[in-house]
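Structure first, then comments.
We count ligands from 1, going down the list as the structure has it; atoms in each ligand are counted the same way.
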Amino acid sequence: MPKRRATITAVGHYVPEKVLTNRDLEKMVDTTDEWIRTRTGIEERRILEQGATSDLGAKAVAALLKNRGMRADEVEIIIVATVTPDMFFPSTACLVQEKVQAKNAWGFDVSAACSGFLFALITGAQFIETGAYKRVVVVGADKMSSITDYTDRNNCILFGDAAGAVLLEPTDDPSAGILDHILRCDGSGEAALHMRGGGSLNPPTHETVDKRLHYLYQDGKAVFKVAVVGMADVSVEIVERNGLKGTDIDWLVPHQANLRIIDATAKRMGIDKSKVMININRYGNTTAATIPLCLSEWWQSGMLRKDQKIVLAAFGAGYTWGSVLVRWTAEHQA
Ligand code: UT7
């Protein structure tokens, strides 16, 4: 029996209005616009002033439903990738479900940091491939400003808030949709990138607050070294094992953590920079949201078109990393 595949049939995103520029950050910590631009490629990022991750996610899902012309009660599953859930429980997926009034959906969260969207996407695809479900919404949403220490110049310049969402539906075309994936994790990466406060290891106390354990910690240099190799390795591997070359790929859709990591991945794959989705300059690192945000923006502008071959690639905390090969099927509606 031919394998039933999952394909992305609609996209949507949301970014909050408030813009935090490099110039603004110059007034908050000892940094410069020039340093941030040249070391990261970031010029500005968005900040959600009121509300939480579920508000970002719900707005992205609402945009997705509008783009697909679908009612919320037709959604069967909502999977939310996030490291900034509104609270430990209930899951952010439940809160999104309530906010969009997806009355017939169940759902859950996936925690894989910057690779969260890819982990959630492949999880969602399994429900379609088994034949059990037909409409799965996968959301990548993070309010990174809620765990960012705005006195730490190493990290506060990097992150922003956003959400993106995709709809997965079945296709009988074996050459369409989600064609292949490589996902990895290596928990030895915990030392270099974590938020240790608030969980069962360090339940919240005055001491955990004083030690700033409720903020994201990153040893940027250590993460950079493994990210630049890890993201490129799986991206090259997925192209090669599908009998393709970099020049066969229409778009590389990389996680937006650092422009230098993106450039190195494209170079290793033999992909021209004009075929790489880059919006890190406008949004910074929005963790689980970066990839669906790119997909949605490029689809909306008409540059991401039906039948194009694309590679999604990410690297993040865990460590977690991975790549996904997709033949795009969502038609652009002008
Ligand atoms: O998304 C999850 C995965 N995360 C990543 O992929 C992030 C990977 N890491 C990175 O992107 C980069 O390591 C950073 C952008 C975080 C940092 O860039 P870097 O080129 O690795 O800089 P560095 O940490 O080695 O710091 C270089 C210098 C240091 O000064 P000294 O020790 O050379 O005197 C820092 O103190 O730059 C200094 N520095 C800054 N200077 C101005 C660090 N942050 C800043 C800043 N402004 N904001």
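In the hydrophobic clustering of this structure, Phe108 groups with Ile122; members are Ile, Leu, Val, Met, Phe, Trp, Tyr whose side-chain heavy atoms approach within less than 4.5 Å, directly or through other members. Tyr150 and Tyr215 fall into different hydrophobic clusters, defined by Ile, Leu, Val, Met, Phe, Trp and Tyr side-chain heavy atoms under 4.5 Å apart, directly or through other members.
Among the candidates Thr171, Val166, Leu168, the single residue satisfying the side-chain contact (heavy atoms from CB on, under 4.5 Å) test with Thr7 is Thr171. Partner Arg282 forms a salt bridge (charged side-chain N to carboxylate O under 4.0 Å, His left out) with one of Glu44, Glu297, Glu43 and no other, that one being Glu297.
Those atoms of ligand 1 that come under 4.0 Å of a heavy atom in Thr40, given as number and element, are 15 (C). Of all atoms in ligand 1, numbered sequentially from 1 with element shown, those under 4.0 Å from a heavy atom of Thr31 are 42 (C), 46 (C), 47 (N), 48 (N). Shown in contact with Cys114 at under 4.0 Å from a heavy atom are these atoms of ligand 1, numbered in order with element: 1 (O), 2 (C). Here is the list of ligand 1 atoms found below 4.0 Å of a heavy atom in Arg39: 20 (O). Residue Asn154 has at least one heavy-atom neighbour below 4.0 Å for each of these atoms of ligand 1: 43 (C), 44 (N). Taking every non-hydrogen atom of Ala257 and a distance limit under 4.0 Å, the qualifying atoms of ligand 1 come out as 1 (O), 5 (C), 6 (O). Close contacts between ligand 1 and His255 involve ligand atoms 1 (O) [criterion: under 4.0 Å to a heavy atom].
With respect to atom 10 (C) of ligand 1, the closest heavy atom belonging to the protein is Asn258 ND2, 3.5 Å. The nearest heavy-atom contact from the protein to atom 7 (C) of ligand 1 is Gln218 OE1, 3.5 Å. Protein heavy atom closest to atom 19 (P) of ligand 1, with residue, atom name and distance, is Arg260 NH2, 3.7 Å. Looking only at heavy atoms of the protein, atom 9 (N) of ligand 1 is closest to Gly220 O, 3.0 Å. The single protein non-hydrogen atom nearest to atom 36 (O) of ligand 1 is Arg153 NH2, 3.0 Å, given as residue, atom name and distance. Protein heavy atom at the shortest distance from atom 6 (O) of ligand 1 is Ile261 CD1, 3.3 Å. Scanning the protein heavy atoms around atom 21 (O) of ligand 1, the nearest turns out to be Lys221 CA, 4.1 Å.
In this structure, atom 33 (O) of ligand 1 has no protein heavy-atom contact shorter than 4.0 Å. By the definition of a contact as any protein heavy atom under 4.0 Å away, atom 29 (C) of ligand 1 is not in contact. Protein heavy atoms are absent from the 4.0 Å sphere centred on atom 24 (O) of ligand 1.
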Practice task
Give the C-alpha distance, both sets of side-chain angles, the deciding distance and a yes or no for side-chain hydrogen bond (donor to acceptor under 3.5 Å, both in side chains) between His214 and Thr208.
Solution key: CA-CA 7 Å; His214 300 273; Thr208 62; 2.7 Å; yes

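Here the side chains of Val223 and Tyr319 are in contact, with some heavy-atom distance below 4.5 Å. Counting only heavy atoms from C-beta outward, the side chains of Trp328 and Trp299 approach each other to under 4.5 Å.
Checked by atom type and distance alone, the side chain of Arg45 pairs as donor or acceptor with a backbone atom of Leu20 at under 3.5 Å.
A salt bridge does not link Lys143 to Asp86: none of the charged nitrogens lies less than 4.0 Å from a carboxylate oxygen. Comment: Glu26 engages Arg23 in a salt bridge, judged by a side-chain N to carboxylate O separation of less than 4.0 angstrom. Residues Asp307 and Arg327 are paired through a salt bridge, judged by an N-O separation under 4.0 Å between the basic side chain and the carboxylate.
Here Trp35 has side-chain heavy atoms under 4.0 Å from ligand 1, and that is the only part of it that gets that close. Proximity of Ile36 to ligand 1, defined as any heavy-atom pair under 4.0 Å, is not found for any part of the residue. Counting heavy atoms under 4.0 Å from ligand 1, residue Asn285 touches it through the side chain alone.
No more than 12 heavy atoms of other residues, nucleotides or ligands shown are found within 6.0 angstrom of CD on Glu98.
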